[in-house]
Amino acid sequence: MNQNTWNRLTPEQRTAVQAMSSRFIKAVQSSNARDGWDFGEKYSVQEVGGQFVITDGTTPLPGIAHSDRQVMEALYGDAIGNYGR
C-alpha cells in the first residue's frame, strides 16, 4: 500500500487492513482481473447490507467486507496499484 494512503488511515483502520491483507491478496489473485488496471476497470467499492465490499457488480470478493468505506477504498487502491507487479 502506498505510504500516503497508509498514513491517512487511523490506527483502527490500519488494524482492519492488516487483518484482511492475506485474505485480500488471495481474493484479488482469484478474481477475474489480469492486473491492477483491469481490476480497477472491473471492480469497485459498493455498500451491500451495511457493509462495504469490493465487487464486480455481481459478486463481491469473498470474505472481504468492512463497515468502514475508507478501509475498503485503501484495499481497493492497493490492488489497483500493486496487482500484477
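Just so it is clear, the model here is predicted, and its values are computed rather than measured.
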Could you grab the distance from atom [atom1] of [X] to atom [atom2] of [Y], nearest 0.5 Å is fine?
{"X": "M72", "Y": "T55", "atom1": "CE", "atom2": "OG1", "value": "10.0 Å"}
{"X": "Q46", "Y": "R69", "atom1": "CD", "atom2": "CZ", "value": "8.5 Å"}
{"X": "I80", "Y": "D35", "atom1": "CD1", "atom2": "CG", "value": "11.0 Å"}
{"X": "K42", "Y": "T58", "atom1": "NZ", "atom2": "OG1", "value": "12.5 Å"}

Ignoring hydrogens, what is the shortest heavy-atom contact between [X] and [Y]? Give both atom names and the distance.
{"X": "Q70", "Y": "D68", "value": "N-OD1, 2.8 Å"}
{"X": "F39", "Y": "S31", "value": "CD1-OG, 3.9 Å"}
{"X": "Y83", "Y": "A33", "value": "OH-O, 3.1 Å"}
{"X": "A27", "Y": "L61", "value": "O-CD2, 3.8 Å"}
{"X": "N82", "Y": "M1", "value": "ND2-N, 3.9 Å"}

Does [X], at its [atom1] atom, have more than 12 non-hydrogen atoms belonging to other residues, nucleotides or ligands within less than 6.0 Å?
{"X": "R34", "atom1": "CZ", "answer": "no"}
{"X": "K26", "atom1": "NZ", "answer": "no"}
{"X": "W37", "atom1": "CH2", "answer": "no"}

A side-chain contact here means heavy atoms from C-beta on lying under 4.5 Å apart; do [X] and [Y] qualify?
{"X": "F24", "Y": "V17", "result": "no"}
{"X": "M20", "Y": "V71", "result": "yes"}
{"X": "R14", "Y": "N7", "result": "yes"}

Fill in: Side-chain donor or acceptor of R23 paired with backbone N/O of I64 under 3.5 Å
no
Item to complete: Without swapping roles, check the side chain of Y43 against the backbone of V28 for a donor-acceptor pair under 3.5 Å.
Response: no
Discussion item. Taking I54 as the starting point, is it possible to reach L9 by hopping between hydrophobic residues whose side chains are less than 4.5 Å apart?
Written reply: yes
